[in-house]
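The chains referred to below are lettered A, B, ... by the order of the sequence lines, with proteins before strands, and numbering in each begins at 1.
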Amino acid sequence: MKRFALPKSSLLRKSGEFNLVYRQGRRLRGPGFLLVCCGSGLPGSRLGISVPAKTGCAVRRNRIKRLVRETFRLHRDIFPSSSDIVFAVRPEFTLDGLNEVRAAVAELTGLPERHDAAAA
RNA sequence: UGGGGCGGACGCAUGAUCGCUCCGGUCUUUGGGCCGGAGAGGAAAGUCCGAACACCGCAGGGCGCGGCGGUUCCUAACAGGAACUUCGGGCAACCGGAGGACAGUGCCACAGAAAAGACACCGCCGAUGGGACGGGCGACCGUUCACAGGCAAGGUUGAAAUGGCGAGGUAAGAGCUCACCGCUUGCGUGGCGACAGGCAAGGCAAGGAAAACCCCGCUGGGUGCAAGACCAAAUAGGGAAACGCUUGAGGACUGCCCGUCCAAGGUUUCCGGGUGGGUUGCACGAGGUGCCGGGCGACCGGUGUCCCAGUCAAAUGAUCAUGGCCUGCAGCAGCAUCGCAGGAACAGAAUUCGGCUUACAGGCCGCCCCAAUUU
RNA sequence: CGGAACGUAGCGCAGCUUGGUAGCGCACCUGAAUGGGGUUCAGGGGGCCGGAGGUUCAAAUCCUCUCGUUCCGA
């Protein structure tokens with residue numbers, strides 16, 4: 001298994017899975033976004049991204065989703081382990097660039113970054 | 001050289017590392033691994049038109065409603081495109097508009113006399129008839145009044161006032177007459193046609209608006225891939241088909257009518273419905289492109305060649321380096337090089353095509369027009 | 001993805017059908033009344049009708065494009 005792979009099995013894809021996390025998860029409020037986490041019992045964490053249409057046009061929404069997904073792929077350790085996580089973007093989301101998103105998530109979860117991950 | 005018009009193509013490149021989706025091959029402990037290949041646009045957008053395709057008890061007739069509107073052609077079709085006609089704008093290249101207002105109904109506020117088969121407020125005249133005064137024996141003549149009457153030249157309003165301009169004519173005037181222009185009608189010529197220009201006659205009839213209703217011509221059944229088809233799981237609350245015996249309320253086809261059909265109860269037969277999944281529809285097509293031929297052109301025909309995203313909380317990305325582009329600073333008399341900092345548009349496939357419209361940093365190419373300069 | 005509706009004063013709405021003066025309520029300002037405030041009475045200000053273009057003598061109204069908001073559909 002490659003270290004930074006992100007297959008579709010690591011993403012939340014069904015409406016029911018999203019609703020489960022929203023109902024049972026713990027909410028963390030960040031700058032312009034909301035992190036909802038819920039223990040899943042599975043070995044790896046899974047990520048779901050929610051971007052409302054009010055955020056902007058399709059290009060901007062796709063840009064945000066790719067940014068968040070890339071952060072999750074490269075810095076899995078700053079997210080809670082063995083959990084289903086929903087990254088809910090709010091319309092006032094202003095972060096741009098990989099480093100800004102990583103720093104905001106790390107501050108929110110309080111988990112330390114691994115050196116080899118950051119070096120990659 | 002400067003300014004402008006029309007059209008076309010592009011819209012970061014290369015490399016490395018880490019990732020995502022699909023296809024092919026191969027290995028496999030059936031989890032997946034490895035190798036190779038492919039992976040957003042000119043607008044993918046807005047959803048404004050037109051179609052394909054699918055279903056709707058298979059959509060028939062009449063009325064209504066909607067869309068389009070110079071002509072001819074292209075096209076599967078179109079509100080699209082091409083060529084041409086005509087009117088308007090521009091010195092020009094070029095750009096923009098387009099059926100009918102003597103079929104009918106209604107509208108044209110305010111102002112103005114009058115706003116649509118004209119009218120007469122100010123005004124002009126008062127020839128003819130009439131009144132008054134004067135002259136004359138008289139027939140009658142002169143002056144005056146503005147009563148009857150004649151007129152619409154000039155003025156005033158307005159976005160718009162019922163042919164224009166000039167001359168003749170008259171009491172004053174008037175297409176009343178004449179020339180030119182406009183208009184109408186007729187004839188024949190050229191053109192497939194819109195229409196063009198020619199001749200003759202009439203003698204002035206006619207305002208705007210149809211993106212008001214409307215008339216004429218052409219055209220449109222409805223709903224849309226969340227259309228629709230299939231599969232497995234799970235469950236009994238219902239559903240479907242046939243018969244056409246009874247009823248004729250209600251509903252569907254189209255908004256209404258006709259017409260057709262469904263329908264409720266009954267009998268018989270069959271198995272589905274909600275919710276959430278999977279497969280399919282779904283990517284070879286009115287397809288792209290090279291060459292040849294036809295056509296002024298849009299486009300068409302022949303032939304060779306290519307296969308070119310296929311997702312579903314929705315893939316096509318991230319980081320770094322190098323190079324090119326643009327902007328600013330420093331530097332310089334100025335340019336180039338070099339240095340530092342920053343920037344790189346509009347925008348993301350969602351059933352698929354043909355158009356239209358809108359957004360767009362930056363530069364590139366071709367043709368044409370105007371002005372200046374040089375020869 | 002498909003289908004609808006609405007943008008008018010600070011706020012909530014008329015006016016659009018059939019084109020010529022933009023109006024109503026609350027709010028705001030001034031004055032009267034009160035010792036003061038509220039209520040009440042009288043008067044007043046505030047709009048380029050979401051934006052651009054077109055038709056027309058004239059557009060909030062008719063036509064086209066565009067921006068924004070809201071609703072419905074498995």
Subject >> side-chain contact (heavy atoms from CB on, under 4.5 Å) partners of Ser81(A), counting only residues at least two apart >> reply: none

Subject >> Partner residues of Arg90(A) under the side-chain contact (heavy atoms from CB on, under 4.5 Å) criterion, sequence neighbours left out >> reply: Glu92(A)

Original post:
Watson-Crick or G-U wobble partner for U303(B), using a 3.5 Å limit on both distances?
Top reply: G290(B)

Original post:
Is G175(B) in the syn range, within 90° of 0, or in the anti range?
Top reply: syn

Subject >> Glycosidic conformation of C308(B), taking syn as within 90° of 0 and anti otherwise >> reply: syn

Original post:
Considering every strand shown, what is the Watson-Crick or G-U wobble mate of G238(B) when both distances are under 3.5 Å?
Top reply: C271(B)

Original post:
Which label fits G42(B), syn or anti, where anti is any glycosidic angle not within 90° of 0?
Top reply: syn

**OP:** Would you give the length of the straight line joining atom CZ of Arg102(A) to atom CG of Leu74(A), rounded to the nearest 0.5 angstrom?
**Re:** 10.0 Å

**OP:** Enter syn or anti for the glycosidic conformation of A359(B), syn applying to angles within 90° of 0.
**Re:** anti

Check residues 26-39 of chain A and write down every donor-acceptor pair under 3.5 Å in which the side-chain atom is one partner and the other belongs to a residue at least two apart or another chain.
unit_1, atom_1, unit_2, atom_2, d
Arg27(A), NH2, Tyr22(A), O, 2.8

**OP:** If a pair satisfies side-chain hydrogen bond (donor to acceptor under 3.5 Å, both in side chains) and one of its residues is in residues 58-67 of chain A, list it, with sequence neighbours excluded.
**Re:** Arg63(A)-Asp96(A)

Original post:
For Leu47(A) and G19(B), what is the distance between atoms CG and C1' respectively, to the nearest whole Å?
Top reply: 15 Å

**OP:** Using the ring of Phe79(A) (Phe, Tyr or Trp, six-membered ring only), decide whether Arg76(A) places NZ or CZ under 6.0 Å from its centre and within 45 degrees of its axis.
**Re:** no

**OP:** Supply the atom-to-atom distance Thr71(A) OG1 to Phe87(A) CZ, rounded to the nearest 0.5 angstrom.
**Re:** 7.5 Å

Subject >> Paired nucleotide for G207(B) [Watson-Crick or G-U wobble; both distances under 3.5 Å] >> reply: C108(B)

Original post:
Got a second to check how far Ile85(A)'s CD1 is from Thr109(A)'s OG1, nearest 0.5 Å?
Top reply: 9.0 Å

Original post:
Is there a Watson-Crick or G-U wobble partner for A179(B) with both distances under 3.5 Å, and which nucleotide is it?
Top reply: none

Subject >> Residues Ile49(A), Leu47(A); criterion side chain to side chain contact (heavy atoms under 4.5 Å, CB included); working and verdict >> reply: CA-CA 7 Å; Ile49(A) 308 169; Leu47(A) 177 70; 4.1 Å; yes

Original post:
Across all strands shown, which nucleotide pairs with U17(B) by Watson-Crick or G-U wobble geometry, both distances under 3.5 Å?
Top reply: A318(B)

Original post:
Syn or anti for G31(B), taking syn as within 90° of 0?
Top reply: syn

Original post:
Looking at residues at least two apart in the chain, or sitting in another chain, which of them share a ring-ring contact (aromatic ring centres under 6.0 Å, His included) with Phe93(A)?
Top reply: none

Subject >> Who pairs with C284(B) - Watson-Crick or G-U, where each distance is under 3.5 Å >> reply: none

**OP:** With a 3.5 angstrom cut-off on both distances, give the Watson-Crick or G-U wobble partner of G66(B), or none if there isn't one.
**Re:** U219(B)

**OP:** Sticking with atom C1', work out how far C299(B) lies from G67(B), rounded to a whole angstrom.
**Re:** 27 Å

**OP:** Give, for atom CG of Leu12(A) and atom OG of Ser45(A), the distance between the pair rounded to the nearest 0.5 Å.
**Re:** 10.0 Å

Are any protein N/O atoms closer than 3.5 Å to N/O atoms in nucleotides 71-74 of chain C? If there are, list each pair with its distance.
none

Original post:
For RNA chain C, what string of dots and brackets results from 5' to 3' when Watson-Crick and G-U pairs need both distances under 3.5 Å, crossing pairs get [ ], and pairs with another strand get |?
Top reply: ((((((((.[[[[.)....(..]]]].(((((.......))))).....[[[[[..)....]]]]]))))))).

Original post:
In the structure shown, which nucleotide is the Watson-Crick or G-U wobble counterpart of U144(B), with both distances under 3.5 Å?
Top reply: G131(B)

Could I get a table of every N or O pair under 3.5 Å where one atom is in the protein and the other is in nucleotides 312-318 of chain B?
unit_1, atom_1, unit_2, atom_2, d
C312(B), OP1, Lys8(A), NZ, 2.1
C312(B), OP1, Arg13(A), NH2, 2.4
A313(B), OP1, Arg13(A), O, 3.3
A313(B), O2', Leu12(A), O, 3.1
A314(B), OP2, Lys65(A), NZ, 3.3
U316(B), OP2, Arg66(A), NE, 2.9
U316(B), OP2, Arg66(A), NH2, 3.2
G317(B), N2, Glu70(A), OE2, 3.2
G317(B), N2, Arg73(A), NH2, 3.4
A318(B), OP1, Arg63(A), NH1, 2.9

